[in-house]
Each structure stands twice: as structure tokens, then as C-alpha cells.
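Step one of this worksheet: look at the structure below.
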Amino acid sequence: MNAQTTLSRFTSPSNQTHLQSLISFIKSTTQTFQLLQIHAYLLRTSLIQQTTFSVPFLNRISLPPLQNLNYSLKVFTQISRPNVTHYNTMIRAYAMTIHPERGFYVYRDMMRHDVRPNPQSCSFVVKSCIRGCLFLGGVQIHDRVFRDGHCSDTLLLTTLMEFYSVSGKCEDACKVFDEMPMRDTVAWNVLVSCYTRNGRTRDALGVFDAMRSGEHGCDPDDVTCLLVLQACSNLCAFEFGERVHQYIKVHGYIHALNICNALVAMYSKCGQLDKAYEVFQKIPNKDVVSWTAMISGFASNGYGREAINGFRQMKTMGVSPDEQTFTALLSGCSHAGLLDEGRLIFDKMQTEFGVVPNVHHYGCVVDLMGRVGLVEDAYDVIMSMKCKPDATIWRTLLGACKVHGNLTLGERVIEHLIELKAQEAGDYILLLNMYLSAGHWEKVIEVRKLMKEKGIQTTPSASTIELKGEIHEFKVDDTSHSRINEVYEMLDEIEKQLKIGGYDAELNDVGSKDKETRLSYHSEKLAMAFGVLATPPGTKLRVAKDLRICTDCHNFAKMLSGVYNREVIIRDRTRFHHFRDGRCSCNDFW
DNA sequence: CGGTATGACC
């Protein structure tokens, strides 16, 4: 039916059929001016007071693509006795705007008018609390769940899980999950996402296995796979990732672009570029995300030239880069030490592609310049930035100051970090090591005192290694692993062997605890020793570390790769280190 | 079917 002719019918009083088609017209039109005409008609005939008309109308103007909150509010106030559905529409609409907290106000208004909230109202208002960071508001809703008789509404409880998850209350989210009478796949997926988000990545993988066991009647779906692949990326869990890949193939999800893109990212983040490329090549309709994931994979594994090449191909294929693509490219240049190329890309990004540099882009440039020793210039770059420098960017420069022994600049940089109230233990450790290297003992003592005064908590660093799809975690001076005694014995044995090969623990870098900390017991060394212990000779070792690898452990890994003839991949907070034949692919240390 | 959901700086 033609839209104009339909519309003209509503100028005169209508029969039931006409009113029916009016509703479907409201639901289908994309023209605001037609809605305005209908609005006038609804007001004139008072049909707006009837739920059957006002609900679809309010929905239409409150949700994308025609979302207009001022208009919604106007219509809402014209309804003399709004019912629960009207309120729900308003709460839901506000939940997705830049003023999500207003959803909570609407909810309170609804209570004041004695309109009983249904599970949907609660879900939407919890969503408002999530988006608006209203922690107490969310808890309030949760407290009411039993009283309102909504304790078996899967959707509401899932939204509450999500609420606790983003609030960092992993335990509470799990409690809600445990107490749910019925759990669907989405609830399970939220559990996975909750574990990943809150650092319980290994448990996220456990959930995947639990779902697959078939005992819960909820098989992993495509979203589960996306979430679990993220967890594998974080943990460098290559073998587990391969299992997920297999599952994806069996269930036909391999044709979904987002799944393929996540696979490329996962393999890249496990240091398996060949696998990443294999998946990438087979993607028929590569989008900007696919290309960026691949370029980023090249970049973080130290293949700057390949990253640039990938970018060229991408342009040839007619895919336009976005700001994240340039971040990947620039970080590729910095990891590979390609100063001129990086600068050129940074310029072209702005002139040719009109991308305004953001904090990520600047972060790469600062790293690029700091790495080649242009620390003062890097400082000037930060000071000239149009956006506010974040802690990461200062930390990057601080690392460069450490490598190049620029103490005076390092002191200035730490001031900036303190100003941002973002200084971490690692920053002080870096400064401490700079003073140590320079032999400024009185300064060393001063920093220690400062750290003590400020109560700076040093979180012990952790490393993980995957064996047969199982993740083993080690902390500094770990005593918790079941085979820890064997691990320490093996570590001593390895150190003996490496010393013969010329390895000497560099004693001028200290760990995160205090000056008595034995270098030998850094978590990545424990993980490597366990790998040597528990796998057949020649097996590749893949270690993930949450902080940056120190010079000593880097040397240790280099030597180990030669003496024991093992390929070692260590992924630290910033990048990959591929050790082979006594060498590393990176240029971080020399 | 409203709730989960692909690629970024150290």
C-alpha cells in the first residue's frame, strides 16, 4: 500500500480496518513528518489515550532509527494515565542515551504513580544503572526482585548478572547465576563474559567446557565462541583456541565474519601468525576489522614491514582504514623500529585520510621515538598533543627513559604520572631501577620510602603457560603449583646449564617485592622451567605474562632457546618475544 | 524476544 494514500485516509473518522492499518503504518514508516501528521490525528481524536495506539507510537519515536527523546517526553506527558509499557519505553530509551541515569528517574516516577514495574521495567532500569554507573540503584532493584515476584525471570536476572559483572562484583554475578532457576545460553554467555572481564579468564574457559559437556542443556553458540576466543587471546591459550576453532567449524559458525575476525585476533595474540594468516586468507569478504586484526597481528609480533604491506593490500582491495587500523600500523612501526615509516604514516593519516590523531596514535609515536632514543622529542610530542595524555603514554616514555638512562626526564615523567594519580608500583620500580643503574643510592632509598609512605601495593606479577589446553599459572616466588618443588629443581638445573653458556643474572634490576627478591624466581622463569619439565624436548613453549618482561628474564629466555633448542614465545603486556637459537625477534633490549 | 557480541597505545 502506498504510504501517502494510507495517510490521507486518517483525516476522516475511520472504521476498525483503518485503525488496524494505522498501527501497522506507525510501525513501518521511516518519515518523521508522517509521524507528526499521525500525532496530530491521534491528539484530535484522543486515540492517543488508547494503549494500542500510544504504545507503538511512543516506541517508534523512542527507539532508533527515529529516536528523539524530547519528542518522546512530549508525547509521554500527553498520555493522561501512562501504563507500565509506556514507562518501560521511556526507561529503555533513556538507558541507551548519554543520560542513562534518567531511566532510573523515570522508574522512580513510575513507582510514585503506583504503576507496578514488570520484569521488563526492571531489566531496562538495571540497564540504565549499568550505563549510568549507578551501583546503588542496581542493588536496589535487585533487593526488590523477590518482593516483586520476579525471581525466576531469566532475562532480568541475566541483566543483573551483567550489572554486577561491569561493576566488578564477579562473586555477586556468580551468585545470581547460581540462584537462577532457568538458565539459557545468554545467561551462560554473560557468565563467560563476566569471568573474562574480571580477570578470571581460566574460569571462562572452564565454562565453555561445562557448556559443551551437555549436562546443562545449553550448547555454546556463536557469541559464546566470540567470548571464549577473547579469553584464549588473553591467556595465550593456543591449544584451547584451536579446540574452539574446531567447534566453530563443526557448528558452521566459520562463515560468520565476526567469528573469523576473532579467530585471526586470537591466533595473532597467541603468537601463531601462520594460523592467523591461514584463517585471514580464507575470509571471502574481509572488512576493515579483518584487515586491522591481521595488521595488528603482524605489528605485535614484530613484523612491521608485513604490517605496512598488509595496509597496502587493504587499500588495493578497496577497504578504507579507520583510526584503529592506523593504531595497528603505527604500533607495527614502533615495534620494528621503523622511525621514518612511522612518521610518514602519522602524517599521511591526517592529510590523506583525515584521521585526527587520538591518544592511541600518539602513544605509538611516543613509543617509536622513545625506542630510538629521541626521548626529549617524544616529551615534546606529548606536550603538543591536542588530547589529554593518559597514564599509558607517560608510562611508555618512562620505559624509554629507563632504556636510554635519561634520569632527569624520567623524574619529570613520574611527576606527570603522579599528577594523573595513575602511578602504579611498576612505575616506581622503573624509576628505582634507573637510580640503581646510575648508582644513586640515596635516591633509591628515597623512592623506597616514598612507596612505603604512599602504601603502594605491588601486585605480584603472574605468568601462565598452557599444556594440553590446560592453563598453569605461576606468580613471583610461587609456592602454590602442585609440582612446584620439581619446578624449582628444574630452574636451578637450567640456570646451571645456561651459566655454562655464558648467562649471568643481571643484578642491577630489582623485582617488585624488595631488594632481597631473587631474580631467579620471576614468574616467567618458573613458567618456562615448568614447560621444560613437563613437555618433551623440542616442544615450543608459550608463556603469557601480565606485566613487562625484565631484561634478566629476557636474557634467560634467549639463552634457554639456544641451549635447550626450544622455541619460546613470551607475550608480555606490550608485545611478543619470539626466542629461537639464542635470539629474540624484538629490539626492546640490547 | 528486550539481555551476551569481532580489530587499538605500554
Side-chain angles (χ1 to χ4, degrees), chain A residues 59 63 88-89 91-92 95-96 118-124 126-127 130 153-163 165-166 184-194 196-197 220-230 233 253 256-266 268-269 276 280 283 286-297 299-300 321-332 334-335 357-368 370-371 387 389-400 402 424 426-427 430 547-548 572-575 588:
Chain A
N59 254 309
L63 298 173
N88 286 356
T89 304
I91 299 172
R92 182 183 176 197
M96 46 201 215
N118 60 18
Q120 285 94 318
S121 328
C122 298
S123 297
F124 293 141
V126 172
K127 196 80 194 160
I130 295 172
D153 188 275
T154 304
L155 210 141
L156 170 56
L157 294 174
T158 309
T159 314
L160 277 167
M161 277 181 71
E162 174 75 3
F163 164 74
S165 169
V166 301
D184 60 9
T185 309
V186 179
W188 283 91
N189 289 350
V190 173
L191 184 68
V192 176
S193 121
C194 175
T196 311
R197 200 195 303 265
D221 64 2
D222 51 340
V223 177
T224 321
C225 293
L226 284 174
L227 292 164
V228 174
L229 286 176
Q230 263 192 347
S233 303
Y253 300 138
L257 188 56
N258 56 355
I259 290 276
C260 290
N261 294 345
L263 277 170
V264 172
M266 184 276 292
S268 296
K269 286 176 184 168
F280 174 76
I283 303 176
K286 302 177 185 67
D287 65 357
V288 59
V289 178
S290 327
W291 283 100
T292 305
M294 196 62 239
I295 292 172
S296 184
S300 56
D322 65 8
E323 34 178 36
Q324 293 196 41
T325 316
F326 286 107
T327 307
L329 255 183
L330 289 169
S331 97
S334 81
H335 288 316
N358 63 24
V359 68
H360 300 285
H361 301 127
Y362 280 114
C364 296
V365 172
V366 167
D367 189 47
L368 187 63
R371 209 173 275 267
C387 49
D390 63 0
T392 304
I393 213 162
W394 288 117
R395 204 160 287 139
T396 308
L397 187 55
L398 188 62
K402 159 77 171 74
E424 289 175 2
D427 302 327
L430 221 47
L547 301 177
R548 282 194 75 168
D572 71 7
R573 181 155 149 178
T574 68
R575 60 164 300 157
D588 287 5

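Note on naming: letters A, B, ... go to the chains in the order of the sequence lines (proteins, then strands), and numbering restarts at 1 for each one.
- Between the side chain of Asp184(A) and the base of dG3(B) there is at least one donor-acceptor pair of N/O atoms closer than 3.5 Å.
- Interface remark: the Asp322(A) side chain does form a donor-acceptor pair with the dG7(B) base, using a distance-only criterion of under 3.5 Å.
- Counting any heavy atom pair closer than 4.0 Å across all strands shown, Thr396(A) reaches sugar-phosphate atoms only and no base atom.
- Not one side-chain nitrogen or oxygen of Lys286(A) sits closer than 4.0 Å to the OP1 or OP2 atom of dT6(B).
- Within the nucleic acid shown, Ile393(A) has no heavy atom closer than 4.0 Å to any nucleic acid atom.
- Listed nucleotides dT6(B), dC9(B), dC10(B) differ in distance to Arg573(A); the shortest reach to its side chain belongs to dC10(B).
- Of the candidate nucleotides dG7(B), dC10(B), dC9(B), dC9(B) has the atom nearest to the side chain of Asp390(A).
- When the nucleotides dC10(B), dG7(B), dG3(B) are ranked by their closest atom to the side chain of Ala265(A), dG7(B) comes out on top.
- Between the side chain of Asn189(A) and the base of dA5(B), no donor-acceptor pair under 3.5 Å is found.
- Atom pair Tyr253(A):OH and dA5(B):P shows a separation of 17 Å (rounding to whole Å applied).
- Within the structure, every side-chain polar atom (N or O) of Ser296(A) is placed at least 4.0 Å from both OP1 and OP2 of dG7(B).
- Applying the 3.5 Å distance criterion, the base of dG3(B) shares no donor-acceptor pair with the side chain of Thr159(A).
- Side-chain nitrogen and oxygen atoms of Arg548(A) include none within less than 4.0 Å of the OP1 or OP2 phosphate oxygen of dC9(B).
- Residue Leu227(A) is in sugar-phosphate contact alone, with no base atom involved, counting any heavy-atom pair closer than 4.0 Å across all strands shown.
- Screening Asp222(A), Leu226(A), Asp221(A) against Thr224(A) for a side-chain contact (heavy atoms from CB on, under 4.5 Å) leaves a single residue, Asp221(A).
- Between His360(A) and dC10(B) there is no side-chain N or O to OP1 or OP2 distance below 4.0 Å.
- Val288(A) comes within 4.0 angstrom of a base, heavy atoms only.
- Residue Lys402(A) places no side-chain N or O under 4.0 Å from the OP1 or OP2 atom of dC10(B).
- Protein atom CD of Glu162(A) is 10 Å distant from nucleotide atom P of dG3(B), rounded to whole Å.
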